[in-house]
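Step one of this worksheet: look at the structure below.
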Amino acid sequence: MYRILEKNARKSVIEALDSLKWEKIRDIKFEQPPDPSMGDLATSVAFQLVSQQKSSPVDIANQIKDVLKVKSPFKKVESVGPYLNFYLDYETFFKLVLKSVHENYGSLQDRNTKVILEHTSANPNGPLHIGHIRNAIIGDSLARILRAAGFQVETQYYVNDMGRQIAMIVWGLQNLDYHLDTDEKADVEIGKLYFKVNQELKENSDVKNQVNTILRIYEEKNPEELEFLFKSVVRKCLEGIKETSQRLQITHDRFVWESQFIRDGSVDKILENLKDHTSQNDVLYLDFSDYGIEKELILTRSDGTSLYTTRDLAYHLQKSEQSDWVVDVLGSDHKLAIDQLKIALELLGGKKPEVIFYEFITLPEGSMSTRKGVFISVDQLMDEAFRRAQSELKDRRPELNESLSKEIAEIIGIGAIRYFIARLSPEKHLVFKWDEALSFEKGCASIQYAHARACKLLEKASATGKLSVEIDTLDFSELNTLEIDLIKNIAKFTSIVENSARDLRVHPIAQYAMEMAGTFNKFYKSVQVIGSDKEILRLLLVDKSRITIKNCLNLLGIDAPNSM
RNA sequence: GCCCUGAUAGUGUAGUGGAUAUCACGUAGGAUUGCGGAUCCUAUUACCCGGGUUCAAGUCCCGGUCAGGGCACCA
């Protein structure tokens, strides 16, 4: 709604400038006035005209104000110093807003644009740990936001099934006396085995050669039994990862295995197509010194096998061909590699990906490592979140039955985790602390609580029948500031969605959800709904708030319980 | 050494070059016979340092400081 307001106001300003016969300004800026008494939308366009008009911004603002004609739902414009402040006609505006909020409020028009969004893509050499969830949560939330914003999104998990790590696990299965415990999750067991192989590798340098041999045979000859071993390790591990992801409400539309790009010849084709640019000594490589990157990109090892980046290049080319827009979520440690990949992709005529980088989550004692067996798994984190939510719930709602209590505790626990990650801008380094990550007492739970409150209130008022009124028949003339704040906040949602999608940013959604809950709670606290003479109108506000909070949380993959 | 990020109240954090810098936690007080107190109100405290660009800098540029990451025939 605010996007529309801005467009509306911009048009008025342009017409005013035309009538003054002044030159056009290419980018008229709008902002929120600091105080509602200063209007609902403001522009500082007068500043931008200073050099052109050679006059003071205050005079300019006044001159514009004199000729500017506002359009509905605005009712007037004032000049305050150098600013032009637009005032809404609340009655018109509020009716407009409330009419626009339906059950899937926040979903924008289809853009007929296909996006392939790659996220998570953790190596299948162990369970997901809390370093991975930043990728998964940002990626999954982004997918939801982009879908809401009208994009057709396909999420992909790139499966690294032929890297050295997997070869090491295969070596372990062949050479170590280690039996995977079938009672335990397979990803956990594979993680343990991977750790053991790394220990072995430290003690015995010959292991490295043996792993190399496995890798070479797998890539070149691909004998059946070896392929089976590789694939079953990866498949098993992936099953565990999927199980974990699903509990976090994270799904992927497609799993793309990197080995496919070796087997179908696309890596060879790429090497052929890059022939004019590559150099060869021991290895085949691309020299990027002309592009300002000192580090060359190595495409094949001296034994002729491919590297991760080579296969990734083929993968990106495929994504580029199958979509209009390629988006990757990657840890900032991939920055150099992606710069190189982008250049190579350009040489091959593919689209460059848009990359969301995030900084690492570390433990207070240092960084996590599957190799060293130092990590907190996502399963552990979710179990702990559940446990804490459940004990909180026992105190607050002792009357709840076991199964409902479990269901709600799960929703609160998962919400706490997802919110904790989603609320942060990705370029911030994060040191993981249990109490901060799971502080649902005052975090996401307060948003969920606002939603539950709204649901309860509507239920108590047996509102369903009362909400089918014609909005135009309601009296909006004497609203208090809490009601006004609430409607204005609801109105912001669509522009928040649109901007978040455009900027590929998740945290504004999280921030908005908190604001929306806060505004609703203030309203709830001091405005009586049931039994008041404006009951219908207020029930309507409660219902629209409920929808907005719910849909907003859903964009973050967080459920909004009706009761908690 | 070179490259990339980050630095905002006690803590964590938001902030498209624009008016009085956001939100949460913490701390100290306070509120409510109402629709659920996982609530609300009040107080508290901040833009790392030094230059520059601009009518206007937390935001842009240059130089420092501190922190994280990268600079593999790893992924």
Side-chain angles (χ1 to χ4, degrees), chain A residues 27 29-35 38 42-44 46-48 50-51 56-57 80-83 85 121-123 125 160 162-166 212 258 282-285 292-295 298-309 311-312 331-337 339 357-360 362 367 371 392-393 395-397 412 423-431 433 435-436 439-450 452-454 456-461 499 503 507-508 510-511 514-515 517-518 520-532 538-539 542 563-564:
Chain A
D27 188 23
K29 288 170 191 162
F30 285 90
E31 60 192 281
Q32 291 278 315
D35 190 274
M38 300 162 103
T43 177
S44 56
F47 284 115
Q48 296 168 268
V50 167
S51 59
S56 84
V80 179
Y83 292 92
N85 294 340
S121 300
N123 259 321
N125 61 350
N160 307 137
M162 61 184 323
R164 168 161 271 127
Q165 278 96 333
I166 308 304
N212 284 348
E258 63 172 340
D282 280 352
V283 295
L284 185 72
Y285 66 96
I293 295 178
E294 288 179 30
K295 210 66 210 169
I298 294 168
L299 295 168
T300 58
R301 295 190 179 96
S302 53
D303 67 2
T305 54
S306 63
L307 283 110
Y308 172 82
T309 335
R311 292 165 244 141
D312 201 22
S332 62
D333 54 335
H334 286 71
K335 275 182 180 168
L336 174 62
D339 283 343
F357 290 109
Y358 59 91
E359 296 294 326
F360 282 165
T362 53
S367 51
R371 180 165 51 87
E392 197 72 26
L393 214 47
D395 290 345
R396 296 178 194 268
R397 302 283 306 277
I412 293 172
R423 60 182 250 281
L424 261 194
S425 68
E427 58 270 19
K428 290 264 187 186
H429 171 224
L430 189 61
V431 178
K433 293 181 188 120
D435 289 335
E436 284 172 12
S439 72
F440 43 73
E441 295 89 350
K442 300 281 181 184
C444 184
S446 68
I447 302 168
Q448 292 170 318
Y449 181 69
R453 264 182 156 177
K456 258 299 170 333
L457 200 160
L458 292 166
E459 188 189 312
K460 202 146 219 164
N499 293 344
D503 303 336
H507 67 273
Q511 207 177 340
M514 187 61 89
E515 257 170 59
F520 177 76
N521 278 328
K522 285 183 187 95
F523 164 86
Y524 182 93
K525 195 68 188 180
S526 45
V527 178
Q528 194 184 339
V529 178
I530 296 174
S532 82
R538 289 179 176 165
L539 281 174
V542 173
S563 151
M564 61 187 276

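Heavy atoms only: backbone and side chains are in, while hydrogens, waters and symmetry mates are out. Chain letters run A, B, ... following the sequence lines, proteins first and then strands; every chain starts at 1.
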Distance, C1' atom - from B/rG15 to B/rA57, rounded to whole angstrom: 13 Å
Side chain to side chain donor-acceptor pair (under 3.5 Å) partners of A/Ser563, counting only residues at least two apart: A/Arg397
B/rC60 to B/rU5 separation - P atoms, rounded to the nearest Å: 11 Å
Distance, C1' atom - from B/rA43 to B/rC47, rounded to whole angstrom: 22 Å
Non-neighbouring partners of A/Asp312 that pass side chain to side chain donor-acceptor pair (under 3.5 Å), sequence neighbours left out: A/His316
Interatomic distance where CD belongs to A/Glu436 and C1' belongs to B/rU13 [whole Å]: 11 Å
Separation of the C1' atoms in B/rU59 and B/rG17, to the nearest angstrom: 7 Å
Residues that A/Ser532 engages under side chain to side chain contact (heavy atoms under 4.5 Å, CB included), provided they are two or more places apart: A/Lys534, A/Glu535, A/Arg538
Which residues share a side chain to side chain donor-acceptor pair (under 3.5 Å) with A/Glu359, sequence neighbours left out: A/Ser332
Could you list, one pair per line, each protein nitrogen or oxygen that sits under 3.5 Å from a nitrogen or oxygen of nucleotides 29-31 of chain B, together with the distance?
none

Check against side-chain contact (heavy atoms from CB on, under 4.5 Å), A/Leu457 and A/Val529: CA-CA 9 Å; A/Leu457 200 160; A/Val529 178; 3.9 Å; yes
Sugar-phosphate, base or nothing in reach of A/Leu393, heavy atoms under 4.0 Å: base
Non-neighbouring partners of A/Glu31 that pass side chain to side chain contact (heavy atoms under 4.5 Å, CB included), sequence neighbours left out: A/Ala42, A/Ser44, A/Tyr83
Minimal non-hydrogen separation, A/Tyr358 against A/Gly331, with atom names: CE2-N, 3.2 Å
Spacing of A/Lys460 atom NZ relative to B/rG34 atom C1', expressed in whole Å: 11 Å
Euclidean distance for C1', B/rC49 against B/rA7 (whole angstrom): 12 Å
C1'-based separation of B/rG6 from B/rG12 [nearest Å]: 14 Å
RNA chain B stem ranges, 3 or more consecutive Watson-Crick or G-U pairs under 3.5 angstrom: B:1-7 with B:65-71, B:10-12 with B:23-25, B:26-31 with B:39-44, B:48-52 with B:60-64
A/Met564 CE to B/rG36 P, straight-line distance once rounded to whole Å: 14 Å
Heavy-atom pair with the smallest gap, counting every atom of A/His429 and A/Phe360: CD2-O, 2.9 Å
Atom of A/Asn123, atom of A/Gln165 and distance for their closest heavy-atom approach: ND2-NE2, 3.6 Å
Rounded distance (Å) that lies between atom P of B/rU39 and atom CD of A/Gln448: 12 Å
Summary of protein contacts for nucleotides 14-19 of chain B, nucleotide by nucleotide, where a base hit scores B, a sugar-phosphate-only hit scores S (4.0 Å, heavy atoms): SSB-BB
Contact letters for nucleotides 64-75 of chain B, in which S counts primed atoms plus P, OP1 and OP2 and B counts the base, heavy atoms under 4.0 Å: ----SSSSSBSB
Side chain to side chain contact (heavy atoms under 4.5 Å, CB included) partners for A/Leu430, two or more places apart: A/Arg134, A/Ile361, A/Phe420, A/Ile421, A/Leu424
Partners meeting side chain to side chain donor-acceptor pair (under 3.5 Å) with A/Arg453 (sequence neighbours left out): A/Asn521
Touch class at under 4.0 angstrom, heavy-atom based, for A/Val50 against every strand present: nothing
Residue-phosphate contact under 4.0 Å: A/Arg453 side-chain N/O, B/rG36 OP1/OP2: no
Value in whole Å for how far the P atom of B/rG34 lies from CZ of A/Arg538: 17 Å
Nucleotide B/rG26, atom P - distance to NZ of A/Lys433 in whole Å: 16 Å
Residue met sooner reading RNA chain B from 5', once A/Ala452 and A/Lys522 are mapped to nucleotides: A/Ala452
Atom-to-atom span, CZ of A/Phe523 to C1' of B/rC41 - whole angstrom: 18 Å
Set of residues satisfying side chain to side chain contact (heavy atoms under 4.5 Å, CB included) with respect to A/Leu336, sequence neighbours excluded: A/Ile293, A/Lys295, A/Gln340
Check: A/Ala461 main-chain N/O paired with A/Glu459 side-chain donor or acceptor under 3.5 Å: no
C1' atoms of B/rG69 and B/rU11, separation to the nearest Å: 24 Å
Side chain A/Arg301, main chain A/Val283, donor-acceptor under 3.5 Å: no
Exercise: identify the closest heavy-atom pair between A/Met564 and A/Gln448: SD-C, 3.5 Å
A/Tyr449 OH - B/rC40 P separation (whole Å): 10 Å
Sugar-phosphate only, base, or nothing, as touched by A/Val431 at under 4.0 Å among non-hydrogen atoms: nothing
Gap in Å between the two P atoms, one belonging to B/rU54 and one to B/rC48, rounded: 23 Å
